[in-house]
Amino acid sequence: MNVPLLTVTAAVPAVGAILTAAVPAARRTAAKWLALLFSLATLALAVLVAIRFEPGGDRYQLTESHAWIADFGVRYELGVDGIGVALIALTALLIPFVIGAGWNDADPLETHSSRWRPTQGFFALILLVEAMVIISFEATDVFLFYIFFEAMLIPMYFLIGGFGDRAHAGSEENASAQRSYAAVKFLLYNLVGGLIMLAAVIGLYMVAGNFSLQEIAAARAAGTLDMATNTERLLFLGFFFAFAVKAPLWPLHTWLPNAMGESTAPVAVLITAVVDKVGTFAMLRFCLGLFPDAGKWATPVILVLALISIVYGALVAVGQRDIKRLIAYASISHFGFIVLGIFAMTSQGQSGATLYMVNHGISTAALMLVAGFLISRRGSRLIADYGGVQKVAPVLAGTFLIGGLATLSLPGLAPFVSEFLVLVGTFARYPVVGIIATVGIVLAALYTLVLYQRTMTGPVKEEVRTMPDLRLREVLVVAPLIVLLIGLGVYPKPLTEIVNPAVEHTMSDVKQTDPKPEVVVDAKNGEAAK
């Protein structure tokens with residue numbers, strides 16, 4: 001009997017969400033442990049998916065296909081390539097840490113409340129988001145993907161608006177209004193993108209007659225898919241717009257700083273390290289997989305937008321006074337690098353972009369979760385309210401430093417490998433673009449080191465003098481992420497072996513080969529020739 005492994009991997013957190021939400025109000029601790037248990041079970045299944053996946057095998061593996069809405073050509077089709085496997089593993093890995101970090105974030109302030117169940121709802125929503133993200137990485141039916149691409153907005157809306165950051169300056173009424181604004185802005189931006197994508201999905205069906213990614217790709221390869229140039233470009237733009245909002249790419253990025261700033265630190269990690277990766281993943285799988293010619297046509301403009309995201313996000317991060325908003329703008333800069341790597345149309349660039357998705361997820365999770373622990377102790381998100389923390393909480397300061405160094409892509413830490421590949425791949429085809437993109441690296445060093453200097457060094461401020469260091473639960477949350485950052489920075493081969501074959505397939509879709517070096521060295525004579 002063949003177990004539908006991909007379906008089970010997505011179904012386990014969904015079932016966990018239902019059971020966690022059903023736990024009685026007085027059993028908050030039981031709800032937390034139940035959610036953690038289901039997240040660990042999902043992680044075990046994700047590891048099994050990675051083990052069962054054969055990098056040198058078929059493009060899509062562990063496939064499932066069943067009739068669903070036959071009259072409209074909609075099927076329940078799942079399959080994973082190396083990129084999907086890597087991102088499913090990232091999602092399943094981060095959720096237990098998100099749950100552990102947010103262990104007390106949703107407990108009601110009024111302990112006498114017996115009917116209100118915010119804790120159960122908080123963890124149930126996290127598991128529900130996990131289930132929807134995982135199936136988005138698995139779906140090879142465009143309509144199936146669209147459903148979960150949009151559906152994940154609902155639990156995220158409630159996580160942002162209903163479980164906001166308690167370290168908010170001003171009154172509770174003002175904090176509630178800010179959370180509501182951030183949640184509505186997040187929802188509206190992504191809904192508009194989703195509606196435009198829906199029109200493109202319908203247009204794709206009118207042209208192709210079905211929603212199957214594999215069937216459409218096969219028809220294109222066989223020359224039996226009749227898609228006019230202008231039609232393909234319009235459909236590409238419809239898909240790309242939705243993914244650029246989710247990514248987020250400048251100028252569609254403005255919802256992210258609000259959403260991350262007003263969320264709890266674990267929810268902020270869920271947004272930028274997990275949910276936003278669906279946008280960049282979909283650019284590879286759907287934009288380039290379905291519309292390769294249009295992708296090449298749009299590349300110059302997209303590269304410009306990516307460059308603006310890199311430089312703009314980093315510049316604004318330098319001037320931030322709020323710790324969480326600084327990390328949010330840094331993420332906008334990093335997503336610019338990911339998009340740059342995807343549309344550089346080189347194997348190094350796309351491999352680097354995929355690794356960047358994984359490594360950015362781990363590094364941002366480490367930095368944001370430690371920042372959340374710091375903020376919860378002081379009750380403020382403002383950088384100016386800190387100083388000298390490393391003298392009273394050295395473990396907290398040390399983990400914060402490693403997370404920050406990973407953010408600036410220090411050699412020896414995981415993000416360096418991915419950023420280096422993106423820049424090499426970009427420079428090989430677009431040298432001017434590659435040179436400009438390096439400005440983001442310089443600015444990243446500036447905003448990261450200034451943040452650490454202002455919060456962790458200098459005289460100890462009176463308000464942080466009694467600040468406790470990381471507790472055991474917090475160390476257990478952060479330590480594995482630090483180990484991963486170092487491990488993948490020193491030895492990224494396990495990831496590259498899974499990802500590279502999928503990148504080769506994408507390069508084949510767009511009919512691109514890596515540019516040859518302009519200068520070749522004669523090994524015999526040691527002479528360089530054009």
Check: Are Ser347 and Glu504 close enough, and set up right, to give a side-chain contact (heavy atoms from CB on, under 4.5 Å), and what steps lead you there?
Finding: CA-CA 7 Å; Ser347 58; Glu504 291 175 6; 5.8 Å; no
Looking at every non-hydrogen atom in both residues, tell me the closest pair between [X] and [Y] and how far apart they are.
| X | Y | value |
| --- | --- | --- |
| Gln61 | Leu6 | O-CD1, 4.2 Å |
| Leu340 | Ala306 | N-CB, 3.9 Å |
| Thr280 | Ala247 | CG2-CB, 4.1 Å |
| Pro248 | Asp276 | CD-OD2, 3.8 Å |
| Ala46 | Ala92 | CB-CB, 3.6 Å |
| Gly261 | Lys324 | O-NZ, 3.6 Å |

Answer yes or no: is there a side-chain heavy-atom contact under 4.5 Å between [X] and [Y]?
| X | Y | value |
| --- | --- | --- |
| Pro96 | Leu36 | yes |
| Phe186 | Leu153 | yes |
| Phe291 | Phe240 | no |
| Leu374 | Ile323 | yes |
| Leu235 | Leu290 | no |
| Phe239 | Val201 | yes |
| Phe97 | Leu481 | yes |
| Leu37 | Ser39 | no |

Take atom [atom1] of [X] as the centre, draw a 6.0 Å sphere, and report whether it contains more than 12 heavy atoms from other residues, nucleotides or ligands.
| X | atom1 | result |
| --- | --- | --- |
| Tyr60 | OH | yes |
| Arg52 | CZ | no |
| Tyr452 | OH | yes |
| Arg233 | CZ | yes |

Notebook entry, point to check: Taking the six-membered ring for Trp, are Tyr356 and Phe337 parallel (under 30°), tilted (30 to 60°) or perpendicular (over 60°)?
Noted result: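 Correct class here is parallel.
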Margin query: Angle between ring planes, Tyr146 versus Phe143, binned at 30° and 60°: parallel, tilted or perpendicular?
Written below: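 Judged by the thresholds at 30° and 60°, the geometry between Tyr146 and Phe143 is tilted.
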Notebook entry, point to check: Going through the distances and angles, do Thr63 and Thr140 end up as a side-chain contact (heavy atoms from CB on, under 4.5 Å)?
Noted result: CA-CA 9 Å; Thr63 55; Thr140 56; over 6 Å; no
Margin query: Run the side chain to side chain contact (heavy atoms under 4.5 Å, CB included) test against Thr506 and tell me which residues pass, sequence neighbours left out.
Written below: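 By the side chain to side chain contact (heavy atoms under 4.5 Å, CB included) rule, Thr506 matches Arg59, Leu284, Leu288, Gln350.
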Checklist line | Contacts of type side chain to side chain contact (heavy atoms under 4.5 Å, CB included), residue Val417, not counting sequence neighbours | finding: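 Leu355, Leu421, Pro492.
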Next item on the list: Just jot down the side-chain hydrogen bond (donor to acceptor under 3.5 Å, both in side chains) partners of Thr7, sequence neighbours excluded, or say none.
Entry: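 Thr7: side-chain hydrogen bond (donor to acceptor under 3.5 Å, both in side chains) contacts with Glu64, Tyr76.
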Next item on the list: Applying side-chain contact (heavy atoms from CB on, under 4.5 Å), run through Thr438 and Glu419 and close with a yes or a no.
Entry: CA-CA 10 Å; Thr438 58; Glu419 194 166 280; over 6 Å; no
Margin query: Do Thr407 and Tyr447 pair up side chain to side chain, a donor and an acceptor below 3.5 Å, judged on atom types alone?
Written below: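 Per modelled atom types, Thr407 and Tyr447 side chains form no pair under 3.5 Å.
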Item checked: Thr91 side chain to Glu130 side chain, donor-acceptor N/O pair below 3.5 angstrom ->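 Absent: no donor and acceptor within the cut-off.
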Notebook entry, point to check: How many angstroms lie between atom CG of Leu413 and atom CD1 of Ile482, to the nearest 0.5 angstrom?
Noted result: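 Answer rounded to 0.5 Å: 8.5 Å.
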Note to self: If I take atom CG from residue Leu256 and atom CD1 from residue Ile271, how far apart are they, to the nearest 0.5 angstrom?
What the structure shows: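 If I round to the nearest 0.5 Å, the distance is 7.0 Å.
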Next item on the list: Under the ring-ring contact (aromatic ring centres under 6.0 Å, His included) rule, what do Phe145 and Phe211 come out as? Steps first, then yes or no, please.
Entry: CA-CA 10 Å; Phe145 169 83; Phe211 295 105; over 10 Å; no
Next item on the list: Using the test ring pair (Phe, Tyr, Trp, His ring centres under 6.0 Å), find all partners of Phe335 that sit at least two apart in sequence or belong to another chain.
Entry: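 Per chain and number, Phe335 pairs via ring pair (Phe, Tyr, Trp, His ring centres under 6.0 Å) with His360.
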Next item on the list: Just jot down the ring pair (Phe, Tyr, Trp, His ring centres under 6.0 Å) partners of Phe373, sequence neighbours excluded, or say none.
Entry: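 If we apply the ring pair (Phe, Tyr, Trp, His ring centres under 6.0 Å) test to Phe373, skipping adjacent residues, there are no hits.
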Item checked: side-chain contact (heavy atoms from CB on, under 4.5 Å) evaluation trace for Leu484 with Leu93 -> CA-CA 11 Å; Leu484 279 171; Leu93 172 72; 3.3 Å; yes
Checklist line | Qualifying residues under salt bridge (Lys or Arg N to Asp or Glu O under 4.0 Å), relative to Glu54, sequence neighbours excluded | finding: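 Glu54 satisfies salt bridge (Lys or Arg N to Asp or Glu O under 4.0 Å) with no residue once adjacent residues are dropped.
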Check: Do the charged groups of Arg75 and Asp141 touch, with an N to O distance under 4.0 Å?
Finding: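 No, no charged N to carboxylate O under 4.0 Å.
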Check: Would you call Lys511-Asp293 a salt bridge at under 4.0 Å N-O?
Finding: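 Answer for the salt bridge query: no.
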Checklist line | Candidate pair Tyr189 and Thr254, rule side-chain hydrogen bond (donor to acceptor under 3.5 Å, both in side chains), full reasoning | finding: CA-CA 9 Å; Tyr189 267 66; Thr254 59; 2.7 Å; yes
